[in-house]
Amino acid sequence: MDYNSPQVRIWQVVSQVPAGSVVTYGQVAAMAGLPNHARMVGSVLKQLPKGSKIPWHRVINSQGRISFNEGSSQYLLQQERLTTEGIEFDNERISLHRYQWQGGDES
DNA sequence: CCCGTGACGCCAC
DNA sequence: AGTGGCGCCACGG
C-alpha cells in the first residue's frame with residue numbers, strides 16, 4: 001500500500017475533520033495537495049468500505065449542500081449524522097461560514 | 001482503447 | 001436562481 005497516494009492523503013485529511021465541522025470536496029482536495037481534484041475526493045469516499053471510521057459525512061459540496069440526491073437513504077444518513085453532531089440545516093443548506101473547518105490542526 | 005458517468009467546482013449567461 | 005459548458009480524472013462497460 002502506498003502511504004502517500006492520493007487516496008491515502010484524502011483519507012488522512014477527512015479523518016482530521018472534527019465532529020461539528022464540515023469541509024468541502026474541493027477543500028479536502030486542496031488540503032491533500034490535489035488542487036482542482038474535487039471529483040476525486042467524491043470518488044475516493046465512494047469506495048470506502050461500509051464500516052469505515054472515516055467521517056465521510058463531514059464532507060459536503062461548495063454550496064453547503066449534501067451531494068446525494070435529496071431523499072435518498074444516503075442523503076438521510078449523512079444529514080442525520082451531521083444533525084447529531086450539532087450542525088444546523090437552513091432549508092437543506094449548511095452555513096459554511098459557521099461550520100466549515102479551517103484546518104490549522106497540523107502537527 | 002474509447003466512452004459515459006459522477007458523493008465536484010467555476011464561470012458565463 | 002436555474003441552466004449549461006468545461007476542466008478534472010477515476011471507474012466500469
Side-chain angles (χ1 to χ4, degrees):
Chain A
M1 169 79 69
D2 179 358
Y3 283 88
N4 208 19
S5 65
Q7 72 166 319
V8 171
R9 296 205 306 250
I10 288 172
W11 290 341
Q12 299 179 326
V13 171
V14 178
S15 296
Q16 297 182 298
V17 185
S21 296
V22 296
V23 282
T24 65
Y25 293 92
Q27 184 189 355
V28 171
M31 293 174 91
L34 302 165
N36 307 314
H37 287 249
R39 286 193 96 124
M40 191 190 292
V41 175
S43 178
V44 168
L45 295 185
K46 188 176 189 177
Q47 328 294 325
L48 287 176
K50 57 173 186 165
S52 180
K53 300 191 195 72
I54 295 178
W56 54 268
H57 58 282
R58 295 176 190 148
V59 184
I60 61 179
N61 62 36
S62 65
Q63 300 173 79
R65 298 167 106 314
I66 286 174
S67 289
F68 288 115
N69 295 107
E70 197 177 333
S72 66
S73 60
Q74 308 176 82
Y75 180 99
L76 297 174
L77 171 61
Q78 184 168 7
Q79 182 179 53
E80 157 78 272
R81 291 192 178 183
L82 291 175
T83 298
T84 296
E85 299 185 347
I87 290 175
E88 293 179 49
F89 281 77
D90 167 47
N91 186 38
E92 313 312 315
R93 221 167 303 133
I94 295 171
S95 168
L96 293 178
H97 189 67
R98 290 162 48 192
Y99 304 105
Q100 183 170 165
W101 180 54
Q102 297 301 51
D105 185 346
E106 319 314 307
S107 297

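Just so it is clear: chains get the letters A, B, ... in the order the sequence lines come, proteins before strands, and each one is counted from 1.
For the pair A:Gln47 CD and B:dT5 C1', the interatomic distance rounds to 13 Å; values are reported in whole Å. At whole-Å resolution of the value, CE in A:Met40 and P in B:dA7 are 16 Å apart. Summarising the geometry, the separation between CZ on A:Arg81 and C1' on B:dA7 is reported as 14 Å, rounded to the nearest angstrom. Atom P of nucleotide B:dA7 and atom CD1 of A:Ile10 are separated by 15 Å, given to the nearest angstrom. When rounded to the nearest whole Å, the span between CZ of A:Arg39 and C1' of B:dC10 equals 13 Å. In this structure, A:Asn36 atom CG and B:dC10 atom C1' are separated by 10 Å, rounded to whole Å. When the P atom of B:dG6 is taken as reference, atom NZ of A:Lys46 falls 7 Å away, rounded to whole Å. Computed from coordinates, the A:Gln27 CD to B:dC10 C1' distance equals 17 Å when rounded to whole Å.
Of the candidates C:dC8, B:dC10, C:dA10, the closest approach to any side-chain atom of A:Ser62 belongs to B:dC10. In this structure, the nucleotide among C:dC8, B:dA7, B:dG9 sitting nearest to the side chain of A:Asn61 is B:dG9.
Closest heavy-atom contact between A:Ser67 and A:Tyr25: OG-CE1, 3.4 Å.
Between A:Arg65 and A:Glu92 the shortest side-chain heavy-atom distance falls below 4.5 Å.
In this structure, the side chain of A:Gln27 does not engage the main chain of A:Val22 through any donor-acceptor pair within 3.5 Å. For the pair A:Arg58 (side chain) and A:Val17 (backbone), a donor-acceptor distance under 3.5 Å is present. The closest donor-acceptor contact from the side chain of A:Ser43 to the backbone of A:Arg39 lies at 3.5 Å or more, if one exists at all.
Contact annotation: A:Ser67 reaches the phosphate of B:dC8 (side-chain N/O to OP1 or OP2, under 4.0 Å). Remark: A:His37 is in phosphate contact with C:dC9, judged by side-chain N or O atoms under 4.0 Å from OP1 or OP2.
With a cut-off of 3.5 Å on both pairing distances, the Watson-Crick or G-U wobble partner of C:dC11 is B:dG4. Base-pair partner of C:dG5: B:dC10 (Watson-Crick or G-U wobble, both distances under 3.5 Å).
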